[in-house]
A.B. asks: 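First the structure, which I've put down as structure tokens, then a few questions once you've had a look.
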Amino acid sequence: MSEQQSSVTPPAKPVSERIDTTRPHSARFWNYFVGGKDNYEVDREVGDQIKAFFPGLVDVAVAGRQFLRRSVSHLVEDHGVRQFLDIGTGLPTADNTHQVAQEIAPETRIVYVDNDPLVLTHARALLTSSPEGVTDYIDADLYDPDTILAEAAKTLDFDRPVALMLLGILGHADDFSKAREVVGRLMAGLPTGSYLVMYDGTRTSEGMIAAEKAYIESGAVPYYVREPDEIVTLFDGLRILDPGFVRLSEWRPDADSATVSAEVDAFGGIGVKE
Ligand SMILES: C[S@@+](CC[C@H](N)C(=O)[O-])C[C@H]1O[C@@H](n2cnc3c(N)ncnc32)[C@H](O)[C@@H]1O
């Protein structure tokens with residue numbers, strides 16, 4: 001890592017005071033489901049409780065990371081994208097956005113954004129850019145798009161296309177119009193030729209609906225799963241690339257995709273601003 005090329009924006013108040021170990025947090029909960037070690041007892045307890053009646057939620061977490069790898073590779077390889085703004089990054093794991101992108105094009109620049117204090121403490125693991133590229137981390141809230149765009153512009157060139165990634169984060173919006181508004185404001189700040197990469201959990205199975213209820217009742221920051229027909233409206237005004245906004249198992253599947261259920265209850269896709 002080069003200190004000149006990678007940085008962490010300092011937190012507003014000490015991180016230790018911001019970490020809440022008394023209720024599940026989605027970054028840690030998701031980390032548990034993808035086999036990570038950066039989670040607490042409270043995350044594992046609720047994770048095990050939900051897994052017992054709906055193991056399909058683990059498939060959503062795993063398929064989401066697989067979608068990240070396939071979508072980033074596709075944009076870098078086939079569309080020449082060299083800049084990513086990944087909001088709701090989550091805890092570092094295998095195949096983070098910069099690793100996938102820079103393996104193909106080492107000069108790629110990536111800005112990560114999350115508001116979870118534990119993600120901030122692990123941000124150094126995201127700042128292992130190739131010497132030719134850059135990674136940066138912003139400790140900020142999705143619902144402060146002006147700050148995110150202003151900070152990201154210090155690393156990314158807003159005269160060239162940027163891929164905005166919102167993977168497994170928008171379900172945190174209690175009111176879908178808030179998600180729509182923030183996506184609109186972020187895409188409006190990016191140049192023509194930019195992309196929206198998005199997946200989210202959907203409510204196409206009884207198991208997922210029960211998992212949503214159990215997760216919310218656990219005291220975690222709520223996560224709402226929605227109908228694919230509603231989520232796809234986030235792409236309004238964009239052209240959705242093939243194969244469309246589809247179940248993750250159907251989005252340009254590769255050999256790894258077979259490790260999750262074909263019925264995985266999450267949809268994703270990529271839109272381009274033309
Ligand atoms: C379910 S995890 C998804 C992580 C990763 N994108 C993935 O798909 O594996 C949701 C992430 O969004 C972050 N998040 C939730 N609400 C946020 C907000 N308002 N602003 C920034 N990040 C947020 C959480 O801290 C967490 O890291």
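Whatever order the structure lists ligands and atoms in, that order sets their numbers, starting from 1. All heavy atoms count here, side chains included; hydrogens, waters and symmetry mates do not. As the structure is a computational prediction, the values presented were derived from the model and not from experiment.
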A.B. asks: For atom 15 (C) of ligand 1, what is the nearest protein heavy atom, given as residue, atom name and distance?
C.D. replies: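 Ranked first by proximity to atom 15 (C) of ligand 1 is H172 CD2, 3.3 Å.
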
A.B. asks: Do F54 and S205 have side chains that get closer than 4.5 Å, going by heavy atoms?
C.D. replies: yes

A.B. asks: So, D146 and R185, do they make that salt bridge, N to O below 4.0 Å?
C.D. replies: yes

A.B. asks: After noting the C-alpha distance and the side-chain angles of R252 and D78, does the key distance pass the salt bridge (Lys or Arg N to Asp or Glu O under 4.0 Å) rule?
C.D. replies: CA-CA 13 Å; R252 300 174 62 89; D78 304 324; 3.7 Å; yes

A.B. asks: With heavy atoms only and a cut-off of under 4.0 Å, state how V221 meets ligand 1: side chain, backbone, both or neither.
C.D. replies: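 Neither part.
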
A.B. asks: Counting C-beta onward and ignoring hydrogens, is there a side-chain heavy-atom pair between V100 and L68 closer than 4.5 Å?
C.D. replies: yes

A.B. asks: Can you tell me which residue and heavy atom of the protein come closest to atom 19 (N) of ligand 1, and the distance to 0.1 Å?
C.D. replies: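 In this structure, atom 19 (N) of ligand 1 has D141 OD1, 3.2 Å as its nearest protein heavy atom.
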
A.B. asks: Report the nearest protein non-hydrogen atom to atom 1 (C) of ligand 1: residue, atom name, distance rounded to 0.1 Å.
C.D. replies: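 Protein heavy atom at minimum distance: G168 O, 3.2 Å.
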
A.B. asks: Tell me, which protein residue and heavy-atom name are nearest atom 27 (O) of ligand 1, and how many Å apart are they?
C.D. replies: D114 OD2, 2.6 Å

A.B. asks: Could you tell me if any non-hydrogen atom of S26 lies under 4.0 Å from any atom of ligand 1?
C.D. replies: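 S26 counts as a contact of ligand 1 under the 4.0 Å cut-off.
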
A.B. asks: Is the closest basic N to carboxylate O distance between R160 and D157 below 4.0 Å?
C.D. replies: yes

A.B. asks: Please report whether ligand 1 has a polar contact with V113, defined as an N or O pair separated by less than 3.5 Å (distance criterion only).
C.D. replies: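 V113 vs ligand 1: no N/O contact under 3.5 Å.
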
A.B. asks: Number the atoms of ligand 1 from 1 as they appear, then name those within less than 4.0 Å of a heavy atom of D116, with their elements.
C.D. replies: 25 (O)

A.B. asks: Give the residue and atom name of whichever protein heavy atom lies nearest to atom 12 (O) of ligand 1, and the separation in Å to one decimal.
C.D. replies: G88 CA, 3.5 Å

A.B. asks: Regarding atom 9 (O) of ligand 1: of the candidates R28, H25, M165, R65, which has the closest heavy atom?
C.D. replies: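 Of the listed residues, R65 has the closest heavy atom.
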
A.B. asks: Can you tell me if CD on E274 sees more than 12 non-hydrogen neighbours from other groups inside 6.0 Å?
C.D. replies: yes

A.B. asks: If we check side chain to side chain donor-acceptor pair (under 3.5 Å) with D256, which of these qualifies: R65, R69, Q66, R70?
C.D. replies: R69

A.B. asks: Does even one non-hydrogen atom of A140 get within less than 4.0 Å of ligand 1?
C.D. replies: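 In this structure, A140 qualifies as a contact of ligand 1 - some heavy atom is under 4.0 Å.
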
A.B. asks: Taking the minimum heavy-atom distance to atom 22 (N) of ligand 1, which of D144, N115, V182 ranks first?
C.D. replies: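 Looking at heavy atoms only, N115 sits closest to atom 22 (N) of ligand 1.
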
A.B. asks: Taking atom CD of Q102 and atom CZ of F84, what is their separation to the nearest 0.5 Å?
C.D. replies: 10.0 Å

A.B. asks: Hey, is D48 close enough to R44 for a salt bridge, meaning N to O under 4.0 Å?
C.D. replies: no

A.B. asks: Considering only non-hydrogen protein atoms, determine which one is nearest to atom 20 (N) of ligand 1 and report residue, atom name and distance to 0.1 Å.
C.D. replies: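 Ranking protein heavy atoms by distance from atom 20 (N) of ligand 1, first comes L142 N, 2.8 Å.
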
A.B. asks: Would you please determine whether Y199 falls within less than 4.0 Å of ligand 1 on a heavy-atom basis?
C.D. replies: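 Contact check Y199 vs ligand 1: positive.
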
